[in-house]
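As structure tokens, the structure follows; a few thoughts come after it.
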Amino acid sequence: MRRRKYEEFEEDNGTVLRYARHDNGGGFVESHAHVDPTAYVGESAYVDRGAVVGPDVRVASGAWIERGATVHAGATVGTGAHVAAGAVIGRDARIGPRAKVGTETHVWDGARVDTDEVIPRGAVVRTGTHRRHAA
């Protein structure tokens with residue numbers, strides 16, 4: 001089966017978002033997002049406009065990195081996880097499968113967010129504050 005190389009969506013305000021497949025993993029990256037070439041973006045994952053994904057990050061299939069979010073070097077975002085707009089995921093942090101990280105939330109370097117966990121808007125997740133089963 002042939003995969004589509006690009007996807008386009010129109011926002012309510014008429015802005016057209018164009019997503020291209022990332023060379024490492026085949027996930028979709030919006031043309032105004034920055035994803036390091038060493039990052040892995042799973043086939044059905046999306047990285048939105050203005051998001052930044054650093055080196056050696058792993059974004060699993062079905063994950064969604066929203067507009068303006070930052071995922072620092074070595075972090076992992078699990079299958080089906082959602083990192084909301086403006087959130088910051090620290091170096092080597094782990095976001096578990098199906099976890100939801102709220103808008104403007106900060107997950108510190110090396111911290112863990114468990115599978116199916118919901119972190120509210122503006123929260124700070126420090127190392128050692130959550131169980132270490134994620135991702």
Side-chain angles (χ1 to χ4, degrees):
M1 185 168 96
R2 186 173 167 187
R3 295 186 327 173
R4 295 174 79 169
K5 189 172 182 176
Y6 296 99
E7 291 283 340
E8 287 186 348
F9 301 98
E10 185 174 346
E11 293 185 308
D12 291 339
N13 66 5
T15 302
V16 175
L17 302 176
R18 182 180 174 115
Y19 292 80
R21 288 197 181 271
H22 187 49
D23 289 337
N24 188 9
F28 287 102
V29 177
E30 206 279 332
S31 62
H32 292 92
H34 174 74
V35 177
D36 190 270
T38 64
Y40 173 85
V41 181
E43 190 167 341
S44 60
Y46 281 84
V47 178
D48 282 348
R49 176 175 281 213
V52 177
V53 176
D56 301 317
V57 168
R58 179 173 172 76
V59 179
S61 293
W64 176 23
I65 310 298
E66 267 196 73
R67 179 183 300 259
T70 301
V71 183
H72 287 284
T76 299
V77 179
T79 304
H82 176 214
V83 176
V88 177
I89 308 302
R91 288 169 182 77
D92 299 315
R94 301 287 179 258
I95 308 302
R98 299 174 311 281
K100 310 265 186 274
V101 176
T103 303
E104 302 296 327
T105 293
H106 189 144
V107 178
W108 283 16
D109 293 352
R112 306 294 192 253
V113 174
D114 285 338
T115 300
D116 296 317
E117 191 165 1
V118 177
I119 306 298
R121 175 187 186 107
V124 175
V125 178
R126 293 174 175 81
T127 305
T129 58
H130 287 73
R131 294 180 305 275
R132 304 187 64 88
H133 304 137

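- With contacts defined as side-chain heavy-atom distances shorter than 4.5 Å, the pair Val101/Ile95 qualifies.
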* Kindly indicate, with the supporting measurements, whether the criterion side chain to side chain contact (heavy atoms under 4.5 Å, CB included) is fulfilled by Glu7 and Tyr46. => CA-CA 11 Å; Glu7 291 283 340; Tyr46 281 84; 4.2 Å; yes
* Asked: Does the side chain to side chain contact (heavy atoms under 4.5 Å, CB included) test come out yes or no for Thr15 and Arg49, once each step is laid out?
  -> CA-CA 11 Å; Thr15 302; Arg49 176 175 281 213; 3.9 Å; yes
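- Once rounded to the nearest 0.5 Å, the distance linking OG1 of Thr70 with CD1 of Ile65 reads 10.0 Å.
- Under the 4.5 Å side-chain heavy-atom criterion for grouping Ile, Leu, Val, Met, Phe, Trp and Tyr, Phe28 is connected to Phe9 within one hydrophobic cluster.
- Considering every non-hydrogen atom in both Ala93 and Trp108, the closest pair reads CB-O, 3.8 Å.
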* Asked: Taking it one step at a time, do Arg67 and Leu17 satisfy side chain to side chain contact (heavy atoms under 4.5 Å, CB included)?
  -> CA-CA 11 Å; Arg67 179 183 300 259; Leu17 302 176; 4.3 Å; yes
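- Of all heavy-atom pairs spanning Thr38 and Asn24, the tightest one is O-ND2, 3.6 Å.
- For the residue pair Thr103 and Ala85, the shortest heavy atom distance occurs at CG2-O, 3.2 Å.
- In this structure, Val83 and Val77 have side chains that are in contact, with non-hydrogen atoms separated by less than 4.5 Å.
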Donor-acceptor contacts, no H, no angles, side chain residues 51-62, under 3.5 Å, sequence neighbours left out:
none

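- Atom CG of Asp116 has more than 12 heavy atoms from other residues, nucleotides or ligands within 6.0 Å.
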* Do Val35 and Val41 pass the side chain to side chain contact (heavy atoms under 4.5 Å, CB included) test, and can you show the C-alpha distance, the side-chain angles, and the key distance before you say yes or no? -> CA-CA 9 Å; Val35 177; Val41 181; 3.9 Å; yes
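- The pair Glu10-Arg18 fails the salt-bridge criterion, with no side-chain N (NZ, NE, NH1 or NH2) lying under 4.0 Å from an Asp/Glu carboxylate O.
- The two atoms that bring Tyr19 and Val47 nearest to each other are CE2-O, 3.4 Å, heavy atoms only.
- When side chains are defined from C-beta on, Val107 does not count as touching Arg126, because their heavy atoms never get closer than 4.5 Å.
- Glu11 places no side-chain N or O within donor-acceptor distance of the main-chain N or O of Asn13, the cut-off being under 3.5 Å.
- Hydrophobic clustering (side-chain heavy atoms under 4.5 Å, transitive across Ile, Leu, Val, Met, Phe, Trp, Tyr) keeps Trp64 apart from Ile119.
- The closest donor-acceptor contact from the side chain of Asp109 to the backbone of Arg91 lies under 3.5 Å.
- Residues Ala99 and Asp114 approach most closely at CB-O, 3.6 Å, considering heavy atoms.
- Across all their heavy atoms, His22 and Val29 have their closest contact at CB-CG2, 3.9 Å.
- Using a 4.5 Å cut-off on side-chain heavy atoms (C-beta onward), Arg21 and Lys5 make no contact.
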